Structure formats: structure tokens, C-alpha cells
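The block underneath contains the structure these notes are about, expressed in C-alpha cells.
Every value quoted in this text rests on a predicted model; they were computed, and no experiment measured them. Numbers here simply count residues along the sequence, with the first being 1. Whatever order the structure lists them in is the order used to number ligands and atoms, beginning at 1.
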Amino acid sequence: MSENYDLAVIGSGPGGYVCAIRAAQLGLNVVCIDKRGAHGGTCLNVGCIPSKALLHASEVYHETKSSSSMGINVDNVSINLQEMMNYKEEGINGNVKGIDFLFKKNKVESIYGLAKILSSNQINIKLNDGSEKLIEAKNIVIATGSESASLNGIEVDEKKIVSSTGALSLEKIPEHLTIIGGGYIGLELGSVWSRLGSKVTVIEYLDRIAPGLDGELSSEFQKILKRQGIEFIVGAKVTGVEEKSDGLSVQIENVSSGEISTLDSSVVLVSTGRVPNTTGLFDDDLGIQLNEKGFIKTDKNYRTDVEGVWAIGDVIEGPMLAHKAEEEGVAVAELIKGKPGHVNYNIIPSVVYTNPEVASVGLTEEQLNESGTGYKVGKFPFLANGRAKVNKATDGFVKILSSDETDQILGVHIIGSQAGTMIAEVAVAMEFEATAEDLAHICHAHPTLSEAIKEAALASDNRALHM
Ligand code: FAD
């Protein structure tokens, strides 16, 4: 006999679990299904949380070693990698338990198993104990997320040739880590292992790293990481990785000249993006359509082509970010309940959690130029910020792009210590359609790094005070 629900959510990542909780808050009878055997999806288990744990631990290690200029001398600083990994696992488990608690509190039923959608209201679940179960639901939300993209001819074994998942659990610190792909995931993981002592080389097909960033930020970012010891080979593609008796040999082709070279490496991280996860989720004749990149097609209200089946998060188009998935989770739950769910895609901040951090919201200079929008630039370097100076964190700057007609803020790009926290202020301002002048008028506490935001806003009108 099948069980009946108002809503079945497939996937308990940030999109799915948030959707399930919001729908339950709205009075729906909800079940959330995940094949992983732990809630939280990619983000919590093999993504955002474990990577931030290792970024934090490696940063503490690095800072401890290099704080003698502040009068702190610590002898014999060493790494116990197993303990560091245990610390990371504790962080994951604590957060997974948090979702278990929230599901109980909100009476969301949880099923661990592999879901396949049979019709607009029926799901077959292969339970993790091997048995099968059929459930029925008036609505189905697909939140099955994404997985690492593979690279032709390069087989990931999660030991020597790893995806981000393997790179979060290496058993020893690699002598030389080569990273294929200069996106944010590769750069964050490269920073971790570089701080722990690996030589790190990043190979990027395009002529710059983190290609989605504002160009000026991206080149400053590359310079800073290079100063920290990370090496970059840009405009190059990896054509193969060969296993040798003493490690790996990476074959590299220069994209413009075709010149071939090789690089010896102990571990290779394949970090060339992520692809939506729809394998085996439904048969083609069900009617759910994918676009040319494999993402599930929806209308602007997350409806797929099958009535009653919705999709959110990494499995649909848009930035592959946890907070984007969460916002969509809330919006779709409200839409299912007949409320006006909505996500403002113009204001989705993105953060790279390296040191310094890199944070952006809104449009880049390249996008403004492409659309022919007139804009002003207000920039302020952390070198001129008092707090950054005493913190010895003077790398980077704040850059505010605002309309040259109305002064409305169109995009803000920050590279600097705590940029990820600071970007929230401008996201709020932009949500309220603030102008650069509005930001310049706001009293910012002294001494804080955030004063650089006020100064950059003043600089839009050539009125920066500390520069
Ligand atoms: P997911 O989190 O991918 O969850 C989908 C879930 O669905 C999975 O648990 C999966 O097991 C389950 N599932 C799939 N198919 C089925 C099926 N047929 N039946 C049952 N269950 C199924 N984003 C940020 O915003 N900030 C960061 O700092 C950040 N860092 C990252 C670091 C790394 C190393 C990686 C890999 C990603 C990172 N991301 C980050 C991206 C973020 O993890 C994703 O954008 C986010 O997890 C997407 O959420 P989601 O709910 O769409 O899907």
C-alpha cells in the first residue's frame, strides 16, 4: 500500500530541506527523500561545510606559524591531519543532527533511499536496506542537486585523481597538488592544501581564474594567490593524466600555440564545474524536459512540464550556490501553498572563502559594458583602512559600481579579509535600491573593515576621506 503526502521533496540539500521545513510550517504533510543516508546534501556533507572547516583549520595553522610579527612566538607548530579531518567530520555531523532536529520539530517525515518519479504523483523509493516503497504525493519537488563534472579520459579514483569530495579527505598532505580548473571550488581547496604545505598548481583553460568575477577582481585575486605561493598555468587544457611508478604525469596543451608540456604531480584534483543530477530520476516519456546543458527546465515559478512536479536548486539553471537553492526552496513551498514565492536573482551574493575572501553581488564591469549601461566606479583599498592595517590584512579593495544617471548601486565587488561578511551590507542596500550616496551617508563603526565600503561609496563622487 502506498503512503500519501501533500508534498514529497527529493533531495535534502539546502534547497530540499529548507523547502520541506517551509512547506511543513505552512501546514503541508511533507516527506523528504535522500539517497545519501544523511541530511544536508552536497553542501553539508561534501561541499560548503567541510571545505570551510578545512579552510578555517588551515588558516589557523598558517596564522599561528606566521604571527611572530605580532609578538606571538609559537614553537614546533605541527599538523595532525587525522585530527583535522576528525574536526571537519564533527562539524558535518553537528550540522546533520541540526537538520534531523528541525525535521522532527516541524514534523517532516524523512526517508533514506533512491527516488524515481513514476508519474506526476507517484515515487518509487529503493530504500537503503534494499527494499522498495511506493509513495504518493499531490506535489513533488525535485531538489537533487549536482555532482562534479568529469573530464574525458581522466578517471577519478578519489585517491590520486580526485574530485572535490576526495580533495576534502586526503589521507596525507600531497607534495604537489595539480588542480584542473580555476573556479572557486578549486581555488578554495588549493588554498587549504597550499597552507598545509603542498606545492599547488592550478591549470585553467581561460586566460584568467574565477572567470565569473569582475575582471579587475579576478586579476588582483590571481596576483595575491600567486604571492601566497600558488602557481597558475592559464590558457591551457589538460589532455591526460598518466600514472607513473612515482606519481602522476599531467599532460598540458597551450590553448593558443598547441604546445604540449607535462607536469609531475602527486595528486590531481579535477575541478571543472558541476553538472545537474538527474540520472535515473525519471523516464524520458514522463514529460519532464531538460535544457541543452542537462538542467531541468522550469517556468519562472519552478514548474516543470509535468503538472505538480517542481524543481529547484543546482538541478535547474542559475548560480550553483547553497543560498540560491535555499531561497528557491522557500519560494516553491510558498507557491505550492498558493502564496507569492519569489527570488530576486539580481541580488545573489557569491563568496570565495580564500584568504583574502572575494565577494560579489550584482553586475560586473564587463556585464555593464556589454549591456551599454553607463556607470561610475568608486574604489577604496584596504591599505588605507585603519583596521586592516593593524590586522595586517591590507590586501584588496572595495569596488562599487553605480549608475551614472541615478547613482543606484548596480554591483559591488570586494576582495579582502572578511569580504564574505561585508557583502551582506551591500546586498541589503541593493535590495532597497540604495544609491552610492545612501551608503556614503550611513555611519559605519570605527575601526572596522566595513568603513572601506563607505569610503568606496564616497569615492564614487571623488570624496573619499582617507585616500
Ligand atoms: P545538493 O546539496 O546537491 O543536494 C541534493 C541531494 O539530493 C543530495 O543529498 C543527493 O544525495 C540527493 N539525491 C540526488 N538524486 C537523488 C535521488 N534520485 N533520490 C534521492 N536523493 C537524491 N555553495 C555555497 O553557496 N557556498 C559555498 O561555500 C559552497 N562551497 C562548496 C564547496 C564544494 C567543495 C562544493 C562541491 C560545493 C560548494 N557549494 C557552495 C555549492 C553547494 O554545495 C550547492 O550549490 C548546493 O549544495 C546545492 O543545493 P541543492 O539542494 O540544490 O542540492
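Residue L281 has at least one heavy-atom neighbour below 4.0 Å for each of these atoms of ligand 1: 18 (N). Set against the non-hydrogen atoms of V46, the atoms of ligand 1 under 4.0 Å away are 34 (C), 36 (C). Near K52, meaning under 4.0 Å from any of its heavy atoms, are these atoms of ligand 1: 27 (C), 28 (O), 29 (C), 30 (N). Residue-ligand proximity, S164 to ligand 1, at heavy-atom distances under 4.0 Å covers atoms 34 (C), 36 (C). Those atoms of ligand 1 with a heavy atom of G11 less than 4.0 angstrom away are 6 (C), 7 (O), 12 (C). Near N277, with a cut-off below 4.0 Å to any heavy atom, the atoms of ligand 1 are 14 (C). Near G113, meaning under 4.0 Å from one of its heavy atoms, ligand 1 places the atoms 19 (N), 20 (C). Against a heavy-atom cut-off of under 4.0 Å, A325 is close to the following atoms of ligand 1: 49 (O), 52 (O).
Some N or O of Y184 is nearer than 3.5 Å to an N or O of ligand 1, by distance alone. Between A322 and ligand 1, at least one pair of N/O atoms sits closer than 3.5 Å. Geometrically, ligand 1 and G15 share a nitrogen or oxygen pair separated by less than 3.5 Å. Considering both main-chain and side-chain atoms, R36 comes within under 3.5 Å of ligand 1 through a nitrogen or oxygen pair.
Of the possible donor and acceptor atoms, none in the side chain of H413 sits under 3.5 Å from a partner among the backbone N and O of L213.
Contact annotation for P50 and ligand 1: no heavy atom of the residue comes within less than 4.0 Å of the ligand. With a heavy-atom cut-off of 4.0 Å, S51 touches ligand 1 through its side chain alone.
Scanning all protein heavy atoms for the shortest distance to atom 49 (O) of ligand 1 gives P14 CD, 3.4 Å. With hydrogens left out, the protein atom closest to atom 18 (N) of ligand 1 is A115 O, 3.1 Å, a heavy atom. For atom 32 (C) of ligand 1, the closest heavy atom belonging to the protein is G47 C, 3.4 Å. From the protein, the heavy atom lying nearest to atom 43 (O) of ligand 1 is C43 CA, 3.4 Å.
One finds no salt bridge joining R387 and E451 here, because no Lys/Arg side-chain nitrogen approaches an Asp/Glu carboxylate oxygen to under 4.0 Å.
Contact of the S164 side chain with the V46 side chain is not registered, since no non-hydrogen atoms from C-beta on lie closer than 4.5 Å. Side-chain atoms of H176 and W193, non-hydrogen and from C-beta on, never get closer than 4.5 Å to each other.
Residue nearest to atom 36 (C) of ligand 1, selected from R274, K35, K324, E147: R274 (by heavy-atom distance). Atom 52 (O) of ligand 1 has its nearest heavy-atom neighbour, among D34, D314, L114, L168, in D314.
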